[in-house]
Amino acid sequence: MWQLREGAHPVLTDEGGAILDERTGRWMHLTPTASAALMLLLAGTTEEEAAGQYAERYGIDAGQAAVDLRTVADALTAQGLATAEPVSRRRWWGWWR
């Protein structure tokens, strides 16, 4: 399942958004369509369902919507802000639990 990694904090609206990278202290700014794509990806649905919702929202075909979502996901993964692997939410001080 695709998700943001620990330490990446999104601030998303319909007018755009940004993601704070705790490691670097930098913000990555998102266009309104990239913000919408990220909201759908983070909603917990499958990529296919997210693409269908994205296509319906913007009046585009499902194939183009899937490409758009994959582009956003790949860009965030390349920046180190997301991963397709499970993210552990345990903190180092919780190792005994």
Side-chain angles (χ1 to χ4, degrees):
M1 178 179 170
W2 186 91
Q3 58 190 339
L4 292 177
R5 69 159 178 74
E6 189 172 343
H9 304 283
V11 178
L12 306 170
T13 69
D14 288 335
E15 289 81 34
I19 301 172
L20 172 63
D21 184 351
E22 260 184 14
R23 293 180 309 173
T24 64
R26 293 185 174 196
W27 288 90
M28 179 180 193
H29 296 278
L30 304 170
T31 65
T33 53
S35 182
L38 182 55
M39 282 191 262
L40 291 169
L41 287 168
L42 292 175
T45 61
T46 65
E47 271 193 50
E48 293 79 24
E49 290 174 350
Q53 293 170 354
Y54 189 85
E56 184 177 320
R57 179 178 186 157
Y58 290 104
I60 60 176
D61 66 89
Q64 182 60 51
V67 169
D68 291 353
L69 288 179
R70 176 58 28 212
T71 300
V72 171
D74 289 346
L76 294 175
T77 301
Q79 291 289 322
L81 296 171
T83 181
E85 309 202 1
V87 175
S88 172
R89 297 289 180 201
R90 282 177 55 187
R91 302 283 183 190
W92 65 269
W93 60 81
W95 61 269
W96 64 87
R97 292 184 200 172

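Keep in mind it's a predicted model, so treat the numbers as computed, not measured.
- The nearest pair of heavy atoms linking Glu15 to Pro32 is O-CG, 3.4 Å.
- In this structure the side chain of Leu20 never reaches within 4.5 angstrom of the side chain of Val11, judged on heavy atoms.
- Both Leu4 and Met39 belong to a common hydrophobic cluster when Ile, Leu, Val, Met, Phe, Trp and Tyr are linked at side-chain heavy-atom distances under 4.5 angstrom.
- Hydrophobic cluster membership is shared by Leu42 and Tyr58, with clusters built from Ile, Leu, Val, Met, Phe, Trp and Tyr side chains linked at under 4.5 angstrom.
- Between Thr33 atom OG1 and Asp14 atom CG the span is 11.5 Å, to the nearest 0.5 Å.
- Scanning both residues, Ala37 and Leu69, for their nearest heavy atoms gives CB-CD2, 3.2 Å.
- Clustering ILVMFWY residues whenever any of their side-chain heavy atoms sit less than 4.5 angstrom apart, transitively, puts Leu38 in a cluster other than the one holding Trp27.
- Side-chain contact between Gln79 and Arg26 is absent, with no heavy atoms from C-beta onward closer than 4.5 Å.
- Contact of the His9 side chain with the Ile19 side chain is not registered, since no non-hydrogen atoms from C-beta on lie closer than 4.5 Å.
- Counting heavy-atom neighbours within 6.0 Å of Gln64 CD, excluding the residue itself, gives a total above 12.
- Nearest heavy-atom pair, Ala51 versus Ala65, reported as atom, atom and distance to 0.1 Å: O-CB, 3.3 Å.
- For Tyr54 against Asp68, the heavy-atom pair with the smallest separation is CE2-OD2, 3.6 Å.
- Ile60 and Leu40 fall within a single hydrophobic cluster, where Ile, Leu, Val, Met, Phe, Trp and Tyr are joined by side-chain heavy atoms under 4.5 Å apart, directly or via other members.
- For the atom pair Leu81 CG and Gln3 CD, the distance stands at 13.0 Å (nearest 0.5 Å).
- Remark: side-chain polar atoms of Ser35 are paired, donor with acceptor, to backbone N or O of Thr13 under 3.5 angstrom.
- In this structure, CG on Leu76 lies 11.0 Å from OG1 on Thr71, to the nearest 0.5 angstrom.
- Heavy-atom minimum distance, Ala8 versus Pro10: O-CD, 3.6 Å.
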